[in-house]
Amino acid sequence: MFSFLNKDQTTGEVEERQLDDANIPAHVAIIMDGNGRWAQQRHLPRIAGHKQGMNTVKTVAKAASDLGVKVLTLYAFSTENWKRPSAEVNYLMKLPVDFFGTFVPDLVKNNIRVKVMGYTDQLPAATQKAVNDAIADTKDCTGMVLNFALNYGGRAEIVTAVQKLAEEVQAGQLTATDIDDEAIGRELMTADLDGLRDPDLLIRTSGEERLSNFMLWQVAYSEFVFTQQHWPDFDQTALEQAIYEYQQRHRRFGGLATDNTK
Ligand code: FPP
């Protein structure tokens, strides 16, 4: 049984809360938002927020792994983020180099395997190398999968999957009626996660309550938790609070609650 100290944001009251270790979400996905605002509040350049955000990734990856999360997917760079000023884009492209350059030994120590989803062939060569080296260096780890969405977009992912299926139909390998949930699922970038493709819990930091083109297909039945903290302030306790909130929900997947069947 995991326990943590929860501080009520309005009253300041602190109480001990217990997490049910039999109900830890297997796949947690996070939209890491608010790096820029965190920096702005401190009169720092936006990239200072991204740098602190990278440190938060280290803290949260370790915390999630310790709690027994099986897949942690992090939205690190979207297909729309190229629209940002080039200095910021360049910095964001350098972050994986710094992150994996310093953190791979810890990932191996914690048995964490790196996976990346997105259009990685469009990333700068140094970023691709850092990512590919990290994947190779952690390939034998059997614990949590740390899945970075890098140059990822949910609609583009679905478009690519549909194109692939259309090609298979054209080649006579598939008929139109063979295209079902499972067929689409196996063409998405989460296909290799097998039974853990869909997030159980989706967290977005920084008070915004939208999906921003993230895992549109996979979050069909995810529980959403929105937190006020900016990503650089997110920590182990914040993750535990989000999981606690998840554990208070009743997931029905379109059916009825067990006490509501009469
Ligand atoms: C959103 O905040 C954040 C991003 C677009 C980048 C997220 C990247 C990290 C947290 C570091 C990733 C680390 C690795 C290892 C790849 P924002 O800039 O949109 O914040 P704002 O809404 O306050 O401006």
Side-chain angles (χ1 to χ4, degrees), residues 28-65 72-108 110 112-120 122-135 137-138 144-154 189 202-215 226-236 238-239:
V28 176
I30 308 183
I31 302 177
M32 307 181 290
D33 195 12
N35 292 350
R37 277 163 285 172
W38 181 92
Q40 198 176 23
Q41 283 172 355
R42 288 159 181 77
H43 309 287
L44 294 169
R46 291 179 56 81
I47 58 170
H50 295 314
K51 185 172 185 196
Q52 192 57 39
M54 181 187 79
N55 292 328
T56 303
V57 170
K58 296 180 178 180
T59 308
V60 171
K62 170 87 171 53
S65 164
L72 177 66
T73 297
L74 300 176
Y75 203 7
F77 193 87
S78 79
T79 44
E80 287 72 39
N81 285 152
W82 298 106
K83 294 179 201 152
R84 294 186 178 208
S86 60
E88 184 172 345
V89 169
N90 292 342
Y91 190 81
L92 286 169
M93 287 298 134
K94 213 170 72 60
L95 274 182
V97 181
D98 293 349
F99 177 82
F100 293 122
T102 54
F103 201 48
V104 162
D106 280 348
L107 292 173
V108 172
N110 287 288
I112 296 173
R113 180 162 67 84
V114 173
K115 167 181 158 62
V116 172
M117 63 175 193
Y119 297 89
T120 51
Q122 295 164 9
L123 299 173
T127 314
Q128 287 190 43
K129 182 173 175 351
V131 161
N132 290 334
D133 287 352
I135 292 171
D137 291 343
T138 61
M144 188 179 83
V145 175
L146 179 58
N147 180 27
F148 285 99
L150 261 180
N151 196 23
Y152 171 87
M189 295 171 181
L202 173 87
I203 301 169
R204 181 167 187 151
T205 60
S206 205
E208 309 291 352
E209 302 191 355
R210 56 177 171 264
L211 272 178
S212 302
N213 203 14
F214 188 50
M215 301 188 91
F226 299 104
T227 75
Q228 292 304 314
Q229 292 117 313
H230 297 315
W231 175 250
D233 289 329
F234 199 84
D235 58 10
Q236 176 172 345
L239 178 67

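Read the numbers this way: they start at 1 and go in the same order the structure lists the ligands and their atoms.
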Open item on the list: Could you identify the single nearest non-hydrogen protein atom to atom 22 (O) of ligand 1 and state the distance to 0.1 Å?
Closed with: R37 NH2, 2.9 Å
Task: F77 and ligand 1 - part of the residue with a heavy-atom distance under 4.0 Å - done: neither
Task: Proximity flag R46 to ligand 1, non-hydrogen atoms under 4.0 Å - done: yes
Task: Nearest protein heavy atom with distance in Å, relative to atom 10 (C) of ligand 1 - done: N35 ND2, 3.3 Å
- [ ] Identify, for atom 20 (O) of ligand 1, the protein heavy atom at the shortest distance, and state residue, atom and that distance.
- [x] G36 N, 3.0 Å
- [ ] Using modelled atom types only, decide if a donor and an acceptor are shared between the side chain of N151 and the backbone of T120 within a distance under 3.5 Å.
- [x] no
Open item on the list: Out of S212, A134, A76, who is nearest to atom 6 (C) of ligand 1 when you count heavy atoms only?
Closed with: A76
Open item on the list: Rounded to the nearest 0.5 Å, what separates atom CG in L123 from atom CZ in F77?
Closed with: 8.0 Å
Task: Qualifying residue, where the test is side-chain hydrogen bond (donor to acceptor under 3.5 Å, both in side chains) with H230 and the options are R37, Q40, Q41 - done: Q41
Task: Close approach, R84 and ligand 1, non-hydrogen under 4.0 angstrom - done: yes
Task: Protein heavy-atom partner closest to atom 11 (C) of ligand 1 - residue, atom, separation in Å - done: L95 CD1, 3.6 Å
Open item on the list: Ring-plane angle category for F103 and F99, please: parallel below 30°, perpendicular beyond 60°, tilted otherwise.
Closed with: tilted
TODO: Check the angle between the aromatic planes of Y152 and Y75 and answer parallel, tilted or perpendicular using the 30° and 60° thresholds.
DONE: perpendicular
Task: Identity and distance of the protein heavy atom lying nearest atom 13 (C) of ligand 1 - done: V57 CG2, 4.1 Å
Task: Rounded distance [0.5 Å steps], OG1 in T56 versus NE2 in H50 - done: 12.5 Å
Task: Pick from F234, F148, W231: the one approaching atom 14 (C) of ligand 1 most closely through a non-hydrogen atom - done: F148
Task: Which of the ligand 1 atoms, numbered from 1, are nearer than 4.0 Å to a heavy atom of F99 - done: 15 (C)
Open item on the list: Starting from atom 3 (C) of ligand 1, what is the nearest protein heavy atom, named by residue and atom, and what distance separates them?
Closed with: M32 O, 3.1 Å
Open item on the list: If we set the cut-off at 4.0 Å for heavy atoms, which region of N81 has an atom near ligand 1: side chain, backbone, both, or neither?
Closed with: side chain
TODO: Measure from the side-chain N and O atoms of N81 to the backbone N and O of S78, and report whether any donor-acceptor pair falls under 3.5 Å.
DONE: yes
Open item on the list: Between S206 and E208 (side chain of the first, backbone of the second, donor and acceptor by atom type, cut-off under 3.5 Å), is there such a pair?
Closed with: no
Open item on the list: Checking R46 now: which residues fulfil side-chain hydrogen bond (donor to acceptor under 3.5 Å, both in side chains) with it, not counting sequence neighbours?
Closed with: E88
